[in-house]
Protein chains: 2
Amino acid sequence: MHEPDGERTSVTQRAVESVKAMIADGEVGPGERLPTERDLSARLGVSRSSMREAIRALTTLGVLEARHGAGVYVTALRPADLLETFSVLAEVSQGRTLLEVLQVRRMLEPAATALAAARASDAQLDRLGALLERMDGEPDTFCADTVSADLGFHQAIVESTGNATLAAINEGLSSRTFNARVWAGHREAGLTAKLREDHVLIHEALVARDPDAARAAATTHVMRVERWLGADLARDAS
Amino acid sequence: MHEPDGERTSVTQRAVESVKAMIADGEVGPGERLPTERDLSARLGVSRSSMREAIRALTTLGVLEARHGAGVYVTALRPADLLETFSVLAEVSQGRTLLEVLQVRRMLEPAATALAAARASDAQLDRLGALLERMDGEPDTFCADTVSADLGFHQAIVESTGNATLAAINEGLSSRTFNARVWAGHREAGLTAKLREDHVLIHEALVARDPDAARAAATTHVMRVERWLGADLARDAS
DNA sequence: CACGCCAAGTGGTCCGACCACTTTGGCATG
DNA sequence: CATGCCAAAGTGGTCGGACCACTTGGCGTG
């Protein structure tokens, strides 16, 4: 990290830096096409294998996008592109980290919900209402759709803030597999009913454009989930 | 995303999924060593090139770590490992996204600072005080150390919450290059003095273990930075 | 003019060789 | 016997070239 000079560095890594520099210098802009892998490797003086590994690295970072037979393109470089890797955290996280992720959500979601109360458009509020009804219409059984609907509801709220970066981060912290795991042990009791009530309160606060109420409702909701998960983790402590 | 079946998928991608599955199934745990590239490629029925690209992908995601001549290891899978890629966002972000990142920080830092007020240990508070003095001792000139010290101060606060995930996310949103860019146009005037005053207020609130005051001070601080950056971006609008 | 096919060019995969580095165990040295 | 060195084995890193799979655009056919 703090090494003053650039001593020895892998060939592939140099290729990565070169491409990043090309983008930073505006040599290739978002959405534009890069030179051929063969061209790039020749220009940078590396083998095509190494060049491919460099491209693979930038692809997994969401900076580049390779289209088979068509070429390699720079993505739009939107936050959503670059933060997609985020979901990996939620995928492999366990125990303590899971709680930590929820704690971060407890910081973000209330603030985001409050912001949404001030910024959401009427159309966005209508969409939220529709999502809410869809969730109400379903039976009290646990299924993939339940998780999906809950996810969609919260994601729609965060998107209503108009902050794409925030939405991308929150989405990463709320990956499908993550939520499925949280819900797994809690399909019983009146949990679903309570969550629905929370959602209704949040929606009402948004429609009333009341940031304070929205913040409070969102906080309560996340705390509820966090509490259940905490009890669950404490039970089967590793 | 929603395609029902797993039709065609790249060989490399399958290799990535296989390794992820190995980790998820506990076949290899954090810190343990994976089979050799040659073994893995043979076992999964792919070429070593593709296997290497898969490993490269997981390496850039922070899941694996390759040591030249020694083998490929699974990282500790700590949040810090997996969120390192985050800094890429701050590196390539421009204009609007920069503001959005700051908006997210304005949501996170106050909450984190308030939490730190309740949780920080005496040793951590002492360290914060030392960092503060170090910043005070420096002249009012803009240099890399100024950015570095500011970064360290805020990072130390967030780490005091004991939430490693939160710390990793915040670090990603506060990368060195990001801050350098924010500061670039504002080395003049009494900016440095004002920021110092903010830091002192935050530190006092932490020492007093006053969450409310800490939240307020942190909010003020981030808003100040956000406001300056906003004016800057509005000036040289693209 | 519209349609469909084909060839050129691109990324995707595979192979085999060699290089650079780490590790280890045995050998020579004290 | 203890110590340190060094060579060999094994690992990831790089290379070059071949071939496959796919997209694209233009050409020829109806």
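Residue numbering restarts at 1 for every chain, and letters A, B, ... go by the order of the sequence lines.
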Check: Does anything in residues 41-50 of chain A pair up under salt bridge (Lys or Arg N to Asp or Glu O under 4.0 Å), and if so which pairs, sequence neighbours excluded?
Finding: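 Salt bridge (Lys or Arg N to Asp or Glu O under 4.0 Å) check on residues 41-50 of chain A returns A/E27-A/R43, A/E37-A/R48.
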Notebook entry, point to check: Can you pull the salt bridge (Lys or Arg N to Asp or Glu O under 4.0 Å) pairs that have at least one residue in residues 54-83 of chain B, sequence neighbours excluded?
Noted result: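 For residues 54-83 of chain B, and leaving out neighbouring residues, the salt bridge (Lys or Arg N to Asp or Glu O under 4.0 Å) pairs sorted by first residue read A/E53-B/R56.
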Next item on the list: May I ask you to say what A/R14 touches in the nucleic acid, namely base, sugar-phosphate or nothing, with a heavy-atom cut-off under 4.0 Å?
Entry: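 Nothing, no heavy atom under 4.0 Å.
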Next item on the list: Identify whether any heavy atom of A/R67 sits under 4.0 Å from a base atom; if not, whether one sits that close to sugar-phosphate; answer base, sugar-phosphate or nothing.
Entry: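 Sugar-phosphate: the residue A/R67, judged by heavy atoms under 4.0 Å, touches backbone atoms but no base.
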Heavy atoms, side chains only, cut-off 4.5 Å: are [X] and [Y] in contact?
{"X": "B/M51", "Y": "B/L44", "value": "yes"}
{"X": "A/L58", "Y": "B/T60", "value": "no"}
{"X": "A/L115", "Y": "B/M107", "value": "yes"}

Next item on the list: For the pair A/V74 and A/R33, evaluate side chain to side chain contact (heavy atoms under 4.5 Å, CB included) and give the outcome as yes or no after the intermediate values.
Entry: CA-CA 6 Å; A/V74 180; A/R33 185 185 149 173; over 6 Å; no
Notebook entry, point to check: Do you know which of B/L83, B/L102, B/V104 makes side chain to side chain contact (heavy atoms under 4.5 Å, CB included) with B/L173?
Noted result: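 Answer after filtering B/L83, B/L102, B/V104: B/V104.
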Between N or O atoms, less than 3.5 Å apart, protein on one side and nucleotides 5-8 of chain C on the other: list the pairs.
none

Checklist line | Qualifying residues under side chain to side chain donor-acceptor pair (under 3.5 Å), relative to A/Q124, sequence neighbours excluded | finding: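 In terms of side chain to side chain donor-acceptor pair (under 3.5 Å), with neighbours along the sequence ignored, A/Q124 is linked to A/S121.
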Notebook entry, point to check: Looking at residues at least two apart in the chain, or sitting in another chain, which of them share a side chain to side chain donor-acceptor pair (under 3.5 Å) with B/R14?
Noted result: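 Testing B/R14 for side chain to side chain donor-acceptor pair (under 3.5 Å), a comparison that skips the adjacent residues, returns none.
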Could you give the [atom1]-to-[atom2] distance, from [X] to [N], as a whole number of Å?
{"X": "B/L64", "N": "D/dG12", "atom1": "CG", "atom2": "P", "value": "11 Å"}
{"X": "B/L44", "N": "C/dT13", "atom1": "CG", "atom2": "P", "value": "14 Å"}
{"X": "B/L40", "N": "D/dG12", "atom1": "CG", "atom2": "C1'", "value": "12 Å"}
{"X": "B/M51", "N": "D/dT11", "atom1": "CE", "atom2": "C1'", "value": "15 Å"}
{"X": "A/Y73", "N": "D/dT23", "atom1": "OH", "atom2": "P", "value": "12 Å"}
{"X": "B/E53", "N": "C/dG12", "atom1": "CD", "atom2": "C1'", "value": "8 Å"}
{"X": "B/E65", "N": "D/dG13", "atom1": "CD", "atom2": "P", "value": "11 Å"}
{"X": "B/R52", "N": "D/dG16", "atom1": "CZ", "atom2": "P", "value": "15 Å"}

Notebook entry, point to check: To the side chain of A/A70, which of C/dT13, D/dT23, D/dT11 is closest?
Noted result: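 Selected nucleotide: D/dT23.
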Next item on the list: Indicate the ring-plane relationship of A/H199 and A/F153, choosing parallel, tilted or perpendicular according to the 30° and 60° boundaries.
Entry: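 Correct class here is tilted.
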So, is [X] near the phosphate of [N], with a side-chain N or O under 4.0 Å from OP1 or OP2?
{"X": "A/T12", "N": "D/dT14", "value": "yes"}
{"X": "B/S50", "N": "C/dG12", "value": "no"}
{"X": "B/S10", "N": "C/dT13", "value": "yes"}

Check: Between B/R56 and B/T36, who's closer to the 5' end of DNA chain D by nearest nucleotide?
Finding: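 By nearest-heavy-atom nucleotide position, the 5'-most residue is B/T36.
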Margin query: Return a single string for nucleotides 15-20 of chain C, one symbol per nucleotide in 5' to 3' order, where B is base contact, S is sugar-phosphate-only contact and - is none, cutoff 4.0 angstrom on heavy atoms.
Written below: B-BB-B
